[in-house]
Amino acid sequence: MVQNILDSIVKEGIKSIYKIDLEKVEFQETRKDFEGDITIVVFPLLKQIKGNPVEIANQIGSYVKEHADIVTGFNVVKGFLNLVITDSYYVDYFNEVSDFIDFGKVKEKSGAMMVEYSSPNTNKPLHLGHIRNNLLGYSVAEILSASGKKVYKTQIINDRGIHICKSMIAWLKYGEGKTPESTGLKGDKLVGNYYVKFDQEYKKEIGNLVAEGKSEEEAKKQAPILLEAQEMLLKWEAGDQETVSLWKKMNEWVYKGFDQSYKELGVDFDTNYFESNTYLLGKEVVAEGLKKGVFYKKEDGSVWIDLTDEGLDEKIVLRADGTAVYMTQDIGTAIQRLKDFPDIEGLVYTVGNEQDYHFKVLFLILKKMGFEWAQNLHHLSYGMVDLPEGKMKSREGTVVDADDLMSEMTRTAGEISEELGKLEGYTALEKQGLYKIIGLGALKYFILKVDPKKRILFDPKESIDFNGNTGPFIQYTYARIQSILRKANFVNKERIGVDTLHPKEKELLKLLQTYPVIIQNAAENLSPALVANFTYELVKSYNSFYQSVPIFGAAKEADKVLRVQLSYAVSCVIKSSFKLLGIEVPERM
RNA sequence: GGCCCCGUGGCGCAACUGAAUAGCGCAUCAGAUUUCGGCUCUGAGGGUUACAGGUUUGAAUCCUGUCGGGGUCACCA
């Protein structure tokens, strides 16, 4: 990087001129409306060097121009020292990259992380909210991996509890033995239908009870179908064979359905954890913590942690009857994961921001328990996806189903491509694959370009754009470059041999150079949005270059080589950055 | 009510974590192809960064308060 080269030279300069050891030089990219490539901000130096900022900037500028080969000129505006970097620096940089396919990625892994995402309940299908979760988690895993971590992708499947019992009861009462095979429905959809059915019956029964003179509150607790579900949960915990085998059967249906959705969405997992296996894990740990004095027991036997010193509340970690709560299980699961994968240094939990408090407490508990890795726990907290009518509610049928949305996107992409595409010679099957790439690209980019912590408003009627700052816009640019490379009979990356660059070429080279930094930044911030926005910048810059500079009509052969090579490099980085987002790119579209 | 997050042109998003005249897309208007894919490019209009104070040479960014939106305060997960 230019910064690294200049940093020491600037420090030397300041030492020789002012006899001062500087800790940090503040660089920033030069704004477009000024001449120069990199800017040193002089103001922060004024604390150590007394004087006029413009004068100081001029003195440093002269020194740097004198002593740094890569600096060919400078100008000073107010307290900003704008340095002009030689074209040859950027040409050399380009030539040093042996290939752009893996450019920016750190290959030698140091340390490992586990990323948890998705983690659905097994009583209903995936919806738009899960899509955001999956895309974020998957992408962050890819980004961490590119930044030099070994990464394990995982999820915890909430396969037990009252919710699945509700679906089971409703299926027993109204299912008539229907299966995914007999109905042709995806398993998760089938089971989800009975979850909805349960709720309908439940409401009906409440209505009846209220009509009989019970209060609303009483009715909610006494509705027979709810009692049946609760009874079933008890049976399940007691290991009742019939219940357990039904539970297994219905969960299997759901997993098959999920697998299909995950495959369609393009995400995967290295290992799964099931709540039915882990919900007891935390108990031992709690007992241990009780001995250590991290927790305390109340008279009724329930176990708590007092976090009032940290500005939080008291929090229960074990029920009076000795059964585990959500927190118990999460404590146990975290510890189990570190046992299973001893090389991991930390965990990333991709979970909506409604659980901010839960994770704050969880991390604090683990820290208090004395686990060193507790400081490497991150809650990748993201905002809800809202519809124009407000929150999605599965029971009220206002959810945007994940499968429906994906196929809708693919269909729309198909309509647009039929009209505009250049797909001579593509078979129907190839076309279908392409529409999927474009449709899902649009969806994924739409969601990932937004800062995770912000909420997203999704209006199904307005659908998703295909122009402007969108996935297909970027895919289009990629496809167009491929067309150029085909025409140029491009084979391999080769050295470029020019010594002056067109401003648009230089701009592109500058941007390419920042890609490795972007990856590190995105990893630190757990933010795919940074990668998305960078890619967009790059593509815009390339399109502008494309428009103002002829490639095949270049005056000199060396220029043509440069421009073809540059196009290739840009396409590699588009492909690679999109891969970090879990988005594919098409050869044509 | 306590605590947490958010508030940037009509709409959707940026701003390298405190720096120059707050950028971009959509929409609106005006232009560009004897040329490599026009799903492209160039330009114009549109802002007191919710509001009021404060810190700082410098604030969309940090602090305090107000208003508005969301979340959370379960022996649910």
Side-chain angles (χ1 to χ4, degrees), chain A residues 26-34 39 41-44 46-47 53 77-80 82 119 121 156 158 160-163 275 279 298 300-304 311-313 315-330 352-358 360 381 383-384 386 390-391 416-417 419-422 438 446 449-451 453-457 459 462 465-470 472-473 475-477 479-484 487-488 514 517-518 521 525 529-530 532-534 536-537 540 542-554 560 563-564 567 588-589:
Chain A
E26 205 161 311
F27 291 98
Q28 70 185 231
E29 275 160 45
T30 305
R31 290 207 160 203
K32 291 236 167 67
D33 17 283
F34 298 96
T39 295
V41 190
V42 180
F43 297 110
L46 296 177
K47 279 167 193 154
V77 181
K78 295 183 191 172
F80 298 90
N82 302 319
S119 302
N121 289 349
I156 179 141
N158 296 308
R160 54 134 230 149
I162 192 72
H163 47 81
E275 195 193 313
Y279 83 109
K298 286 198 176 174
D300 64 358
S302 57
V303 180
W304 295 70
L312 305 174
D313 294 326
K315 190 86 188 171
I316 189 161
V317 293
L318 201 65
R319 290 192 188 107
D321 62 7
T323 54
V325 292
Y326 182 35
M327 189 63 77
T328 329
Q329 149 201 327
D330 267 1
N353 63 10
E354 66 214 343
Q355 295 194 36
D356 283 356
Y357 185 75
H358 172 79
K360 223 176 184 175
S381 162
M384 298 288 101
D386 290 320
K391 239 185 144 168
I416 296 173
S417 295
E419 205 181 314
L420 302 165
K422 308 215 166 191
I438 299 171
F446 176 82
K449 77 171 181 191
V450 182
D451 183 345
K453 66 172 180 265
K454 293 198 176 173
R455 39 181 291 217
I456 290 180
L457 188 73
D459 189 344
E462 286 185 13
D465 278 343
F466 286 74
N467 297 319
N469 186 0
T470 66
F473 169 83
Q475 288 169 326
Y476 171 76
T477 303
R480 195 163 61 173
I481 294 176
Q482 294 316 301
S483 164
I484 291 167
K487 183 167 177 175
T514 63
V517 183
I518 296 289
N521 229 328
N525 291 292
L530 298 177
N533 286 320
F534 164 81
Y536 178 61
E537 284 297 318
K540 248 190 344 175
Y542 180 82
N543 282 333
S544 179
F545 154 84
Y546 174 87
Q547 211 72 220
S548 48
V549 177
I551 295 175
F552 295 113
K560 182 186 153 189
R563 286 165 195 171
V564 171
S567 298
R588 292 182 203 181
M589 64 189 280

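Naming convention: chains lettered A, B, ... in sequence-line order (proteins, then strands); numbering from 1 in each chain.
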> Using the C1' atom in both, what is the distance from B:U55 to B:G12, to the nearest Å?
Replying inline: 34 Å

> Between A:F43 and B:A19, do the rings stack, that is, sit under 5.5 Å apart with planes less than 30° off each other?
Replying inline: yes

>> Any side-chain N or O of A:K487 below 4.0 angstrom from OP1/OP2 of B:G37?
In response: no

>> Looking only at the side chain of A:I416 (C-beta and beyond, no hydrogens), which of the listed nucleotides B:U40, B:A77, B:C39 gets closest?
In response: B:C39

>> side-chain contact (heavy atoms from CB on, under 4.5 Å), that's the test. Do A:Q482 and A:R588 meet it? Break it down for me.
In response: CA-CA 8 Å; A:Q482 294 316 301; A:R588 292 182 203 181; over 6 Å; no

> Step by step, would you call A:K315 with A:V325 a side-chain contact (heavy atoms from CB on, under 4.5 Å)?
Replying inline: CA-CA 11 Å; A:K315 190 86 188 171; A:V325 292; over 6 Å; no

> Is any side-chain nitrogen or oxygen of A:S548 closer than 4.0 Å to OP1 or OP2 of B:C41?
Replying inline: no

>> If you only use heavy atoms from C-beta on, which nucleotide in B:C16, B:C24, B:C75 is closest to the side chain of A:N521?
In response: B:C16

> Between B:G38 and A:Y546, is there an OP1 or OP2 to side-chain N/O distance shorter than 4.0 Å?
Replying inline: yes

> To the nearest Å, how far apart are A:I316 CD1 and B:A77 P?
Replying inline: 10 Å

> Given A:F545 and A:Y542, is the ring-ring contact (aromatic ring centres under 6.0 Å, His included) satisfied, shown in steps?
Replying inline: CA-CA 5 Å; A:F545 154 84; A:Y542 180 82; 5.3 Å; yes

>> Categorize A:P44 for me: base, sugar-phosphate, or nothing, with a 4.0 angstrom heavy-atom threshold over every strand shown.
In response: base

> Which part of the nucleic acid, if any, lies within contact of A:E275, taking any heavy atom under 4.0 Å across all strands shown: a base, the sugar-phosphate backbone alone, or nothing?
Replying inline: sugar-phosphate

> Distance-only, no hydrogens or angles: does the A:D465 side chain make a donor-acceptor pair with backbone N or O of A:N467 under 3.5 Å?
Replying inline: no

> If we take the P atom in both B:A20 and B:A27, what is their distance in whole Å?
Replying inline: 30 Å

>> Let's see if you can work this out: which of B:A14, B:A77, B:A20 has an atom nearest to the side-chain heavy atoms of A:N533?
In response: B:A14

> Is a side-chain N or O of A:S544 found less than 3.5 angstrom from the main chain of A:K540, in a donor-acceptor match?
Replying inline: no

>> Taking the six-membered ring of A:Y536 as reference, does the cationic atom of A:K449 (NZ for Lys, CZ for Arg) lie under 6.0 Å from its centre and within 45° of its axis?
In response: no

> Of the nucleotides B:C75, B:G37, B:C39, which one has an atom closest to the side chain of A:S417?
Replying inline: B:C39

>> Between the base of B:A20 and the side chain of A:N82, is one N or O donor paired with an acceptor at under 3.5 angstrom?
In response: yes

>> Categorize A:P472 for me: base, sugar-phosphate, or nothing, with a 4.0 angstrom heavy-atom threshold over every strand shown.
In response: nothing

>> Let's see if you can work this out: which of B:C41, B:A19, B:G37 has an atom nearest to the side-chain heavy atoms of A:N543?
In response: B:C41

> Considering only the P atoms, how many Å lie between B:C24 and B:G43, rounded to the nearest integer?
Replying inline: 9 Å

> Which whole-number value in Å describes the distance from A:F545 CZ to B:G37 P?
Replying inline: 14 Å

> Expressed as a whole number of Å, how far does the P atom of B:G1 sit from that of B:G65?
Replying inline: 15 Å

>> Using only atom types and a distance under 3.5 Å, with no angle test, would you say the side chain of A:T470 pairs donor to acceptor with the backbone of A:F473?
In response: yes

> Can you tell me how far CD1 of A:I162 sits from CG of A:N121, rounded to the nearest 0.5 angstrom?
Replying inline: 12.5 Å

> Of A:N121 and A:R480, whose nearest nucleotide on RNA chain B comes first from the 5' end?
Replying inline: A:R480

> Which glycosidic conformation, syn or anti, is assigned to B:U17 if syn requires a torsion within 90° of zero?
Replying inline: syn

> Among B:G25, B:U72, B:A20, which nucleotide sits nearest the side chain of A:E354?
Replying inline: B:U72

>> Is A:R455 close enough to B:G71 that one of its side-chain N or O atoms is under 4.0 Å from OP1 or OP2 there?
In response: no

>> Output the rounded distance in Å from CZ (A:F27) to C1' (B:U17).
In response: 18 Å

> Looking at A:R31, does any N or O in its side chain come under 4.0 Å of the phosphate oxygens OP1/OP2 on B:A20?
Replying inline: yes

> In terms of side-chain heavy atoms of A:L530, which of B:A15, B:A14, B:U40 is nearest?
Replying inline: B:A15

> Going by ring centres under 5.5 Å and near-parallel planes (under 30°), is A:Y476 stacked on B:G37?
Replying inline: no

> When you measure from the side chain of A:K78, which nucleotide among B:A20, B:G70, B:G37 comes out closest?
Replying inline: B:A20

> How many Å lie between CZ on A:F534 and P on B:G25, as a whole number?
Replying inline: 18 Å

> Expressed in angstrom and rounded to an integer, what is the separation of A:D356 atom CG from B:G2 atom C1'?
Replying inline: 16 Å

> Starting at the 5' end of RNA chain B, what dot-bracket string do you get if Watson-Crick and G-U pairs under 3.5 Å are bracketed, crossing pairs use [ ], other-strand pairs use | and unpaired bases use dots?
Replying inline: (((((((..((((.....[...)))).(((((.......))))).....(((((..]....))))))))))))....

> Distance check: side-chain N/O of A:R588 vs OP1/OP2 of B:C39, anything under 4.0 Å?
Replying inline: no

>> Which label fits A:F43 and A:F80: parallel for a plane angle under 30°, tilted from 30 to 60°, or perpendicular past 60°?
In response: perpendicular

> If you look at every strand shown and take non-hydrogen atoms under 4.0 Å, does A:Q475 touch a base, only sugar-phosphate, or nothing?
Replying inline: nothing

> Looking at A:P53 and A:G79, what are the two nearest heavy atoms and their distance?
Replying inline: CB-CA, 4.3 Å

> Which of the following nucleotides, B:G37, B:C41, B:A20, is nearest to the side chain of A:V77?
Replying inline: B:A20

>> If you only use heavy atoms from C-beta on, which nucleotide in B:C75, B:A14, B:G37 is closest to the side chain of A:S483?
In response: B:G37

> Taking atom P in both B:A60 and B:U8, what distance in whole Å separates the two?
Replying inline: 15 Å

> Expressed in whole Å, how much space separates the P atoms belonging to B:C16 and B:A59?
Replying inline: 16 Å

> With rounding to whole Å, what would you report as the distance between B:U34 and B:U17 at their P atoms?
Replying inline: 44 Å

> Any side-chain N or O of A:N467 under 4.0 Å from OP1/OP2 of B:C39?
Replying inline: no

> Starting at CG of A:D451 and ending at P of B:A14, how long is that distance when rounded to a whole Å?
Replying inline: 6 Å

> Want to settle it: does A:K453 or A:E29 sit nearer the 5' end of RNA chain B, counting the closest nucleotide to each?
Replying inline: A:K453

> So, A:T328 side chain and A:V317 main chain: donor-acceptor pair closer than 3.5 Å or not?
Replying inline: yes

>> Could you tell me how far B:C63 sits from B:G71 if I compare only their P atoms? Round to whole Å.
In response: 24 Å

